[in-house]
Amino acid sequence: MRPSIIVHGGAGDIPDELREAHRRGTQRAAEAGWTVLAAGGSALDAVEAAVVVMEDDETFDAGRGAFLNADGQVELDAGCMDGAGLQVGAVASVQFIQNPIRLARTVMEKSEHVLLVGQGAQRFAHKMGFATCDLTDLAVPREFERWQKLLYDRTHSARKSFARASDTVGCVALDRAGHMAAGTSTGGVPNKMPGRVGDVPMVGCGFYADDQYGGASTTGWGESIAKVLLARLALHHLEVLGDPRAAAQAAIAVLEEKVNGLGGVILLAPDGRPGWHYNTPWMAYAYQAGDMAQPTVGQ
Ligand code: GLY
């Protein structure tokens with residue numbers, strides 16, 4: 001099988017001054033994942049490597065650089081899926097963990113559950129030997145400023161934030177063995193209610209992978225994405241339409257028409273052909289496959 005990988009850096013109205021950082025960050029993430037695939041590594045390892053690069057890059061709303069909640073804390077969500085056996089792992093509302101995608105994968109591989117939240121997820125992380133970090137390792141000055149401004153903005157809403165800011169990171173990869181994996185990671189929405197969980201850690205909403213049908217990762221206003229199970233919906237359209245670009249467009253059309261949603265989706269067909277679409281002003285993505293010397297970066 002010809003390996004391929006696609007990543008996104010979040011759909012939203014990315015300010016001009018951040019767009020180059022988004023392009024560079026998604027390119028570096030695709031390269032990290034591609035290095036794994038090119039060496040014969042698994043799709044799941046590639047997804048983890050790519051998402052970790054973006055969690056560590058404060059440009060993005062995931063890991064370091066994530067939005068703060070209304071209490072000025074960082075609560076992170078992440079999920080991943082291995083399309084070979086439909087294995088799933090996810091975490092929600094975890095704090096003081098730099099790379100929640102790794103914790104999500106550990107839930108998948110080392111527990112009998114698919115989703116752990118809050119304190120239970122923290123305790124599991126501790127038991128599994130994850131290091132904890134400080135709030136200041138995750139919350140950057142840009143986000144403290146946003147948090148302070150929004151505290152006094154009585155018109156603020158989750159939906160509006162996607163017309164103004166970036167969101168979430170994700171990756172879908174196909175390895176040489178023909179296995180598909182997908183993963184997504186986020187800090188959620190700016191000044192969210194503590195305990196609020198969006199689409200990202202919910203299987204079928206923020207991510208989905210099945211070797212038979214393909215893989216998808218989503219981004220955008222989580223409350224709308226969750227209502228249409230956007231990741232699984234995109235793969236349904238792929239099965240019906242056969243073309244990943246058309247499938248991504250069809251899924252975003254449903255998101256918009258049914259729930260007035262905002263967001264984006266990336267996907268890979270089972271043979272590695274990519275698709276992406278979004279109805280926000282901007283979303284950076286990067287794609288690499290076959291004999292391409294470097295990723296194609298677009299928006
Ligand atoms: N899509 C990210 C969120 O709504 O949490």
Taking [X] for the side chain and [Y] for the main chain, is one N or O donor matched with an acceptor at less than 3.5 Å?
X: R64; Y: D137; value: yes
X: Q212; Y: D210; value: no
X: Y278; Y: Q299; value: yes
X: D77; Y: S93; value: yes
X: N191; Y: W147; value: yes
X: D175; Y: A43; value: yes
X: T218; Y: L230; value: no
X: E48; Y: R105; value: no
X: Q249; Y: H277; value: no
X: K192; Y: G187; value: yes

For [X] and [Y], which heavy atoms make the closest approach, and how far apart are they?
X: P194; Y: E75; value: CA-OE1, 3.6 Å
X: A234; Y: A247; value: O-CB, 3.7 Å
X: A216; Y: V265; value: CB-CG2, 4.3 Å
X: A78; Y: A104; value: O-CB, 3.8 Å
X: P270; Y: G214; value: CG-N, 3.8 Å
X: V47; Y: A182; value: CG1-C, 3.8 Å

Decide, yes or no, whether a salt bridge links [X] with [Y] under the criterion of side-chain N to carboxylate O below 4.0 Å.
X: R28; Y: E31; answer: no
X: D243; Y: R245; answer: no
X: E223; Y: R196; answer: yes
X: R23; Y: E20; answer: yes

Gap between atom [atom2] of [Y] and atom [atom1] of [X] - 0.5 Å precision:
X: N260; Y: K227; atom1: CG; atom2: NZ; answer: 9.5 Å
X: W221; Y: D199; atom1: CH2; atom2: CG; answer: 11.5 Å
X: R232; Y: M81; atom1: CZ; atom2: CE; answer: 8.5 Å
X: I225; Y: T168; atom1: CD1; atom2: OG1; answer: 7.0 Å
X: L76; Y: I101; atom1: CG; atom2: CD1; answer: 11.5 Å
X: L233; Y: L238; atom1: CG; atom2: CG; answer: 11.5 Å

Taking the side chain as every heavy atom from C-beta outward, state whether [X] and [Y] have any pair of such atoms under 4.5 Å apart.
X: T186; Y: F67; value: no
X: W34; Y: M292; value: no
X: M180; Y: Y208; value: no
X: L174; Y: P3; value: no
X: L103; Y: F124; value: yes
X: V74; Y: E143; value: no
X: V53; Y: V7; value: no
X: T26; Y: M54; value: yes

Are [X] and [Y] connected in the hydrophobic side-chain network, where two residues link if heavy atoms are under 4.5 Å apart?
X: I252; Y: V259; result: yes
X: V91; Y: L135; result: yes
X: L235; Y: I266; result: no
X: L267; Y: V240; result: no
X: L138; Y: F130; result: yes

*Residues T280, D13; criterion side chain to side chain contact (heavy atoms under 4.5 Å, CB included); working and verdict*: CA-CA 7 Å; T280 54; D13 190 5; over 6 Å; no

*Should the heavy atoms of other residues, nucleotides or ligands under 6.0 Å from CE of M193 be counted, would the total exceed 12?*
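Not more than 12 within 6.0 Å, no.
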
*So among L44, L115, V88, which one has a side chain to side chain contact (heavy atoms under 4.5 Å, CB included) with M108?*
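Among L44, L115, V88, the one meeting side chain to side chain contact (heavy atoms under 4.5 Å, CB included) with M108 is L44.
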
_Is a donor from one side chain sitting under 3.5 angstrom from an acceptor on the other, for H8 and S217?_
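Yes, because at least one side-chain N or O of H8 sits under 3.5 Å from a partner of the opposite role on S217.
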
_Side chains of T136 and D134 only: does a donor on one sit below 3.5 Å from an acceptor on the other?_
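D134 and T136 do not have a side-chain donor-acceptor pair below 3.5 Å.
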
*E145 and R142: salt bridge (Lys or Arg N to Asp or Glu O under 4.0 Å), yes or no, with the steps?*
CA-CA 5 Å; E145 277 168 33; R142 178 193 72 219; over 6 Å; no

*Please report the C-alpha distance between I5 and L37 in whole Å, then the side-chain angles of each, then the deciding distance to 0.1 Å, and finally whether the side chain to side chain contact (heavy atoms under 4.5 Å, CB included) criterion is met.*
CA-CA 8 Å; I5 186 165; L37 294 175; 3.9 Å; yes

*Evaluation steps, side chain to side chain contact (heavy atoms under 4.5 Å, CB included), between V51 and R102*: CA-CA 9 Å; V51 172; R102 288 200 165 126; over 6 Å; no

